[in-house]
Each structure stands twice: as structure tokens, then as C-alpha cells.
Protein chains: 2
Amino acid sequence: MSFDARIRAAIEGDIRSGALRPGDRLPSEHELAAYHGCSRATVSKAMAALHHAGLIERRRKAGSFVADQHVHSAVLEVPDLEQLIAARGHAYRWLCRTRRHAGQELHVEGLHFENDTPLAFETRAITVATVPDAAAESFAEVAPGTWLLAHIPWTSARHRILAAGATPDEAKALDVPAGTACLILERSTWRGDAPVTRVRQVFRGDMFDMVAHFEPSRT
Amino acid sequence: MSFDARIRAAIEGDIRSGALRPGDRLPSEHELAAYHGCSRATVSKAMAALHHAGLIERRRKAGSFVADQHVHSAVLEVPDLEQLIAARGHAYRWLCRTRRHAGQELHVEGLHFENDTPLAFETRAITVATVPDAAAESFAEVAPGTWLLAHIPWTSARHRILAAGATPDEAKALDVPAGTACLILERSTWRGDAPVTRVRQVFRGDMFDMVAHFEPSRT
DNA sequence: TGGATTATTATGTCTAGACATAATATAGGG
DNA sequence: CCCTATATTATGTCTAGACATAATAATCCA
């Protein structure tokens with residue numbers, strides 16, 4: 001284990017054990033460097049990792065403080081559907097059902113299939129001002145998510161994950177009874193400040209799950 | 001925007017736009033440093049961030065390569081329930097329903113309430129060898145998750161998120177009809193290689209959702 | 001020609017600064 | 001005593017190395 005990883009683990013252990021509590025001020029980076037017998041840069045790297053994990057807050061001059069431990073962060077893996085289904089040894093298919101302009105947006109609805117079984121029903125809005133080329137794309141052959149991935153770099157994304165019973169329309173599209181438990185992923189992406197797309201994907205609850213993990217070594 | 005962030009954004013843009021494809025080898029860090037007119041450490045920092053985001057693979061001597069873009073990573077926020085409910089201006093309560101030893105594990109079942117409405121039904125296994133103090137804790141007053149957070153540092157966590165209809169037992173505990181769409185969070189944590197706890201939390205779908213976001217600036 | 005050994009290269013990690021800047025503490029004047 | 005200005009401190013970022021090491025390329029010998 002690298003030196004900075006060991007420093008991070010030591011401080012993390014103190015935070016998780018309660019030896020350090022939210023609001024507590026940590027020793028300065030210079031002090032920690034002297035204490036651990038290493039350079040300030042090594043300590044700073046460990047602190048940056050703790051900050052990234054949401055465990056501490058860093059403020060210039062004021063110092064570093066233990067953060068409120070009200071949110072744990074984990075790395076959520078959001079798979080590309082085509083690749084996910086291929087990895088399961090199954091066949092993927094996208095079916096575009098509707099495509100229409102709505103004001104400044106392009107609205108697309110469609111279904112993702114796994115071996116001819118509907119897996120997810122998707123409704124999407126694409127901001128044409130941000131993605132002019134989308135206006136000329138039919139999305140008959142390629143899923144808009146896959147197309148967007150290939151055509152425009154997004155710089156930030158926000159996901160909301162929830163569970164709900166399928167509405168009558170969703171149920172019909174997914175070929176399940178209304179009210180069936182579905183995992184819903186709502187995702188918005190931006191390029192800088194410009195919105196790229198907003199999508200709501202309704203997954204059959206029995207066919208899809210997501211994985212998130214937290215491992216300090218991943219930093 | 002810092003220099004390393006700008007380098008990272010430039011490379012990320014090339015990957016997302018398809019200008020760089022999975023398997024492509026990136027220029028060496030020395031080459032990138034010369035190209036951008038900065039130090040190798042600055043480039044290395046940007047590359048570490050790209051690696052952390054799952055966009056590239058780094059191998060000594062071999063170089064850095066664009067990774068298969070089959071999984072996007074986002075930072076999932078896993079809230080502490082008590083704090084989350086307090087933040088909503090509501091009252092939190094934990095009700096322990098069963099507590100029993102089962103082989104080398106302590107099994108605890110209970111309910112999390114929000115303003116006297118059941119929010120989540122939890123079934124949990126705690127590995128006593130890893131957490132000896134748990135054997136003496138009744139969990140009548142404090143939710144095991146909160147207690148574990150205060151008593152043992154965990155070093156890695158794995159979550160699985162899915163949707164399913166409430167089973168009859170779960171429905172009864174949550175005071176909803178059987179089959180109601182629920183968001184299920186299955187979480188396991190470890191301290192080093194030692195398992196700490198495995199928990200399954202079944203949330204009423206209408207009362208709970210999760211948020212995950214990806215923002216390069218958070219690195 | 002193939003296998004073993006050695007050299008080389010690129011990333012991984014660390015040090016020791018320098019400089020920028022946000023934030024806090026101190027000092028001085030009204 | 002309060003407000004403003006200045007000094008100080010701690011983090012934020014960058015440079016320029018050095019050294020470690022994994023992996024690849026080249027060389028040499030049988």
C-alpha cells in the first residue's frame with residue numbers, strides 16, 4: 001500500500017470509528033507531514049482522496065474538517081445496455097416507437113429488448129441547440145443513448161433511481177401487468193452548462209439491477 | 001479550471017466524441033507534458049482522474065489506453081436514513097423487531113419510520129467475529145447501521161439496487177399491499193477482507209429515491 | 001531460431017520546493 | 001470599541017526532479 005493510501009486509511013479509520021467526529025478540525029497538512037515523516041504533497045494527496053470520498057471538507061487557511069457523515073459515496077456503474085446484454089450472452093435490439101420535435105427539443109420514445117423480451121421503456125428529450133446533428137438522425141437503427149455517446153462529449157451527469165409500479169402505458173410497452181415493480185433510472189447530462197439530454201428509462205424489475213461499490217483503493 | 005482539469009477534459013472530450021476509441025493507446029505522459037507545456041506530474045494527475053472515472057487503463061511501460069466504454073461511473077449518494085429524514089423535516093424512528101444469533105452471525109430485523117410511516121424494512125446479518133461488541137448490543141434504541149457506523153470502520157462496500165414487488169411479509173411490515181413496487185438496496189461491507197455486515201433494505205417506492213451524479217470537477 | 005538475459009521505457013510514487021489564494025488573526029486608527 | 005487594513009496561515013496547484021517497478025524491446029548465446 002502506498003504511503004498516501006496508508007495516511008488516508010489511518011484518518012478514515014479515525015473518522016469511521018468515531019475517534020474523529022463531524023466538525024472536528026484535522027491537523028494541518030504540515031503537521032500531518034511531520035507526524036507521518038513524509039512530504040506535504042503526500043499528505044495533500046491523501047486528503048484530496050478523503051475529500052473526494054465525502055469524508056472531509058477542506059478550506060484554505062481554515063484547515064480541514066471532518067464532514068457530516070450523512071452521505072456515503074459509492075461508485076455506481078451505469079452500463080451501456082447493448083454491452084450489458086451482450087455480456088449476458090443475449091441479443092440486444094432497440095425499437096424506436098416515436099420521434100417528434102417538441103419546441104427546442106427532439107422527443108424520442110422506444111424500447112430496449114433483450115432476446116426479444118422488452119427490458120426497458122425509454123422516453124427521452126434531446127436539446128437540439130446543444131446537439132444540432134440529432135435533428136437529422138432518425139434513431140431507427142441506433143438507440144439515442146448510444147448515438148449521443150458517440151457524437152457529443154458530456155461533462156456532467158445526474159441520475160435519479162427509484163422504484164414504481166408500471167403505468168398502463170409503460171406496462172403495455174413492456175408487456176407486463178400494470179403495477180409491476182419497475183426500476184426507474186432518470187438521467188440528465190450536460191456539456192458544460194448546456195443540457196444534452198434528459199431520459200427516463202423504466203426497467204422491468206425482474207430483469208435489471210445496478211451495482212455500486214466503494215473501495216478506497218479505486219481512488 | 002486548473003491545468004490538470006483542463007488536460008483531463010481535453011482527453012475526455014476526445015474519448016466521448018469517438019476521436020479516441022477503446023483500445024487506442026494514448027501518448028505517453030512525457031509526450032503529453034511536452035504537448036501541453038506542463039510537467040509530467042500535472043499530466044499524471046489528470047490521467048489518474050481519467051483512470052478513476054473508468055475512461056482509461058494505465059499499464060507501466062505499456063502506456064495508457066482508452067478503456068472499453070461499457071460502464072459509466074457515477075457517484076452514488078447513500079444517505080444515512082436518520083439524517084435524510086431529519087433533512088426532510090420529519091421524525092425518524094427505528095423499531096427493532098427481531099434479534100437473534102444464527103451461527104457466527106447476529107441477525108436483526110426492523111423497520112425505519114418517517115413520521116410514524118414505515119419507510120423501509122431491513123433484514124441484516126452482522127459477522128460477530130469481525131464486530132465482537134455487537135454481541136452485547138440490543139439494537140433496541142439504535143439502528144444497527146448507525147451503530148456500526150460509529151463502532152467499526154469499514155473499508156469497502158458493495159451495493160446492489162433493484163426493484164421488486166413487496167412480498168407478503170414485507171408488505172405487512174411496511175403497511176402496503178403485497179406487490180407494491182419497492183426499491184431494494186442490498187449492501188455488504190468489509191473491513192479489509194473481513195465481512196462486517198450484509199443488509200437488505202426494502203424501501204416503499206413512493207417514499208424513497210437515490211441520486212448519483214458524475215462531475216469531473218468533483219475529483 | 002528460440003530462449004534467456006539485459007536494457008529500456010513508461011507509469012507509480014515520493015520529495016522539496018515555489019507561488020497563488022482564500023480565510024483568519026492581528027494591528028492600528030478613528 | 002468598531003472598522004479597516006495588513007499580516008499570517010493553511011490549502012490549492014504546479015514544477016522538477018529522483019527512484020521504484022512493471023512491461024516491453026533488444027541482444028546474445030546455444
Side-chain angles (χ1 to χ4, degrees), chain A residues 1-12 14-15 20-68 73 75 155 215-219, chain B residues 1-12 14-15 20 22-68 75 155 215-219:
Chain A
M1 189 185 263
S2 59
F3 213 147
D4 68 279
R6 280 191 270 128
I7 294 171
R8 167 188 174 161
I11 296 173
E12 193 173 330
D14 284 342
I15 293 174
L20 288 173
R21 298 184 165 284
D24 282 358
R25 182 177 184 279
L26 296 164
S28 72
E29 291 181 359
H30 279 103
E31 287 167 333
L32 287 166
Y35 176 79
H36 289 279
C38 67
S39 77
R40 199 202 127 213
T42 300
V43 170
S44 188
K45 191 176 177 187
M47 306 301 268
L50 289 166
H51 173 261
H52 182 66
L55 292 169
I56 67 169
E57 283 168 23
R58 304 174 80 195
R59 296 203 293 279
R60 295 180 197 185
K61 172 62 169 118
S64 301
F65 300 82
V66 180
D68 286 326
S73 301
V75 178
T155 54
E215 283 175 74
S217 59
R218 281 288 302 277
T219 300
Chain B
M1 188 184 262
S2 60
F3 212 147
D4 68 278
R6 279 190 270 128
I7 294 171
R8 167 188 173 160
I11 296 173
E12 194 173 329
D14 285 341
I15 293 174
L20 287 172
D24 282 358
R25 181 177 184 279
L26 295 165
S28 72
E29 291 182 359
H30 280 103
E31 287 167 333
L32 286 167
Y35 177 81
H36 289 280
C38 66
S39 78
R40 198 202 128 214
T42 300
V43 170
S44 188
K45 191 177 178 188
M47 305 301 267
L50 288 166
H51 173 261
H52 183 65
L55 293 169
I56 67 169
E57 284 169 20
R58 303 174 80 195
R59 294 202 294 280
R60 295 179 195 185
K61 172 61 169 120
S64 302
F65 300 83
V66 180
D68 286 327
V75 178
T155 53
E215 282 175 75
S217 60
R218 282 285 304 273
T219 300

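Computed from a predicted model, the values in this text were never measured in an experiment. In the text below, chain A, chain B and the rest are named by the order of the sequence lines, each starting its count at 1.
Here C:dA16 presents its C1' atom at 15 Å from CD of A:E29, a figure rounded to the nearest Å. Regarding A:L32, its CG atom lies at a distance of 17 Å from the C1' atom of C:dT15, rounded to whole Å. Look at CD on A:E57: it is 15 Å from C1' on D:dA10, rounded to the nearest Å. The distance between atom NE2 of A:H36 and atom C1' of C:dC14, rounded to the nearest whole Å, is 15 Å. Atom CZ in A:R25 sits roughly 7 Å away from atom P in D:dT11 (whole-Å rounding). Here C:dA25 presents its P atom at 18 Å from CZ of A:R60, a figure rounded to the nearest Å. Here C:dA16 presents its P atom at 16 Å from NZ of A:K45, a figure rounded to the nearest Å. B:M47 places its CE atom 16 Å from the C1' atom of C:dT13, with the value rounded to the nearest Å.
Side chains of B:I11 and B:L50 form a contact here, defined as non-hydrogen atoms less than 4.5 Å apart.
Using modelled atom types, one finds no donor on one side chain facing an acceptor on the other under 3.5 Å when comparing A:R6 with A:T42.
Toward the 5' end of DNA chain D, the nearer of the two residues B:F3 and A:G63, judged by each one's closest nucleotide, is A:G63. Of the two residues contacting DNA chain D, namely A:S44 and A:K61, the nearest-nucleotide position lying further toward the 5' end is that of A:K61. Each of A:R40 and A:M1 was assigned the nucleotide of DNA chain C with the nearest heavy atom; the assignment lying further toward the 5' end belongs to A:M1. Ranked by how close their nearest DNA chain C nucleotide is to the 5' end, A:T42 and B:E31 are led by B:E31.
The distance from atom OG of B:S39 to atom NZ of B:K45, rounded to the nearest 0.5 Å, is 10.5 Å.
Side-chain N/O atoms of A:R58 include none lying less than 4.0 angstrom from OP1 or OP2 on D:dA10. Taking side-chain N and O atoms only, A:S64 has a distance below 4.0 Å to OP1 or OP2 of D:dT11. OP1 and OP2 of C:dG17 both lie 4.0 Å or more from every side-chain N or O belonging to A:S39.
Among C:dT24, D:dC14, C:dT11, the nucleotide with an atom closest to any side-chain atom of B:D4 is D:dC14. Which of C:dT15, D:dA10, D:dT24 sits closest to the side chain of B:A62 comes down to D:dT24.
Between the side chain of B:R59 and the base of C:dG12, no donor-acceptor pair of N or O atoms lies under 3.5 Å.
When each of B:E31, B:H30, B:E29 is tested with B:V43 by the rule side chain to side chain contact (heavy atoms under 4.5 Å, CB included), just one qualifies, namely B:E29.
Within a 6.0 Å radius of CZ in A:R25, other residues, nucleotides and ligands contribute more than 12 heavy atoms.
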